[in-house]
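One structure is given below, encoded as structure tokens.
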2 protein chains.
Amino acid sequence: MDIFSALSDPTRRHILEQLNRLGPQSIKQLNAGLPITRQALTKHLNRLIKAKLVMAEFSGKEKVHKLNPNALLTVERWIAPFAKQWDKRLQGLQIHMENKDE
Amino acid sequence: MDIFSALSDPTRRHILEQLNRLGPQSIKQLNAGLPITRQALTKHLNRLIKAKLVMAEFSGKEKVHKLNPNALLTVERWIAPFAKQWDKRLQGLQIHMENKDE
DNA sequence: TTGACATGCAACCTTTAGGTTGCTCATGCT
DNA sequence: AGCATGAGCAACCTAAAGGTTGCATGTCAA
């Protein structure tokens, strides 16, 4: 469950956004938009793969990475219980439940 | 926007869950359920406060921390664009769109 | 006012994260 | 075959994360 730490880095989030917008990409392609070395990028990609957020396969010389957005469901599920509460607040309903438990 | 790194630590996520289940808590109270020192916990709480996930105020001697679940909306909003895609896949619709762009 | 209790502040230690450089390997075009 | 290209591997550096111990401070109750 270190999907959360996988998401903690801005570069990795950027990678995910790129894959989401542009579809499957090679390391070289992803590197074009990033001010870091290829090796640093590779490390990020490996962490994303470990977290199951990204899948990769070789197409000849190139290693093509594609998104596995399903993994983000883990995060969604974790957040859900909190969401119930903020919904109430945003709708101003908490005024009526200030002295209740649930 | 380092709310993501705030969420990357299991201890901090545990703290948020505790606050969500039990309501506002002092440092002492939160510490009871954690195998770390009070000072370590305080550092975690400070990071949560910086990330706006938690708010604190003194009640006499005690510093009471309460949840600010609204902050999690940031995460929700970031995930949303991905969610669109995984919904499609989960419903098996991707079979029909394998050679499309959108 | 004295003492217990909840917290703050600071120094320190160890591990990991993110990044770099340098070299090797495999693929594929010519 | 030969060479350019995309990627892997390993060593290394620096800064930050997570934790600890030790001491100081403010609040409340007796």
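A note on names: the letters A, B, ... follow the listed sequences, proteins ahead of strands, and every chain is numbered from 1. Predicted model, so just to flag it, every value in this text is computed and none were measured.
Remark: Pro10(A) pairs with Arg13(A) by the side-chain contact (heavy atoms from CB on, under 4.5 Å) rule, at least two apart or across chains. Considering only residues two or more places apart in sequence or on other chains, Pro24(B) meets the side-chain contact (heavy atoms from CB on, under 4.5 Å) condition with Val64(B), Lys66(B). The side-chain hydrogen bond (donor to acceptor under 3.5 Å, both in side chains) check on Arg12(A) picks up His44(A), with sequence neighbours excluded. Shown here are the side-chain hydrogen bond (donor to acceptor under 3.5 Å, both in side chains) partners of Asn46(B), two or more places apart in sequence or in another chain: there are none. Residues passing the side-chain contact (heavy atoms from CB on, under 4.5 Å) test with Gln25(A), sequence neighbours excluded: Leu19(A), Leu22(A), Gln29(A), Leu30(A). Taking the side-chain hydrogen bond (donor to acceptor under 3.5 Å, both in side chains) definition, one finds that Gln18(A) meets it with Arg21(A), sequence neighbours left out. Listed by chain and number, the residues in a side-chain contact (heavy atoms from CB on, under 4.5 Å) with Arg77(A) are Leu73(A), Thr74(A) (sequence neighbours excluded).
If you measure from atom CG of Asp2(B) to atom C1' of dA17(C), you get 15 Å, rounded to the nearest angstrom. Atom CD of Glu62(A) is separated from atom P of dC29(C) by 11 Å (rounded to the nearest Å). When the P atom of dA7(D) is taken as reference, atom CG of Asn46(A) falls 12 Å away, rounded to whole Å.
In terms of phosphate contacts, Lys28(A) brings a side-chain nitrogen or oxygen within less than 4.0 Å of OP1 or OP2 of dG6(D). Look at Arg12(A) and you won't find any side-chain N or O under 4.0 angstrom from OP1 or OP2 of dA17(C).
For residues 47-81 of chain A, the pairs satisfying ring pair (Phe, Tyr, Trp, His ring centres under 6.0 Å) are Phe4(A)-Trp78(A), Trp78(A)-Phe82(A), with sequence neighbours left out.
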Practice problem: Show your reasoning for whether side-chain contact (heavy atoms from CB on, under 4.5 Å) applies to Thr42(B) and Thr37(B). | Solution: CA-CA 9 Å; Thr42(B) 298; Thr37(B) 58; over 6 Å; no
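By the 4.5 Å heavy-atom criterion applied to side chains, Pro69(B) and Lys84(A) are not counted as neighbours.
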Polar atoms only, N or O, under 3.5 Å: list the protein pairs with nucleotides 19-27 of chain D and their distances.
from    : atom 1 : to       : atom 2 : distance (Å)
dG19(D) : OP2    : His44(B) : NE2    : 2.3
dG19(D) : N7     : Lys43(B) : NZ     : 3.0
dG19(D) : O6     : Lys43(B) : NZ     : 2.4
dT20(D) : OP2    : Thr37(B) : N      : 2.8
dT20(D) : OP2    : Thr37(B) : OG1    : 2.6
dG22(D) : O6     : Gln39(B) : NE2    : 3.0

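Within residues 14-27 of chain A, no residue places a heavy atom under 4.0 Å from DNA chain C. The stretch residues 49-59 of chain A has no heavy atom under 4.0 Å from DNA chain C, so no residue of it qualifies as close.
Judged purely by atom type and a 3.5 angstrom limit, Asn68(B) has no side-chain atom pairing as donor or acceptor with the backbone of Leu53(B).
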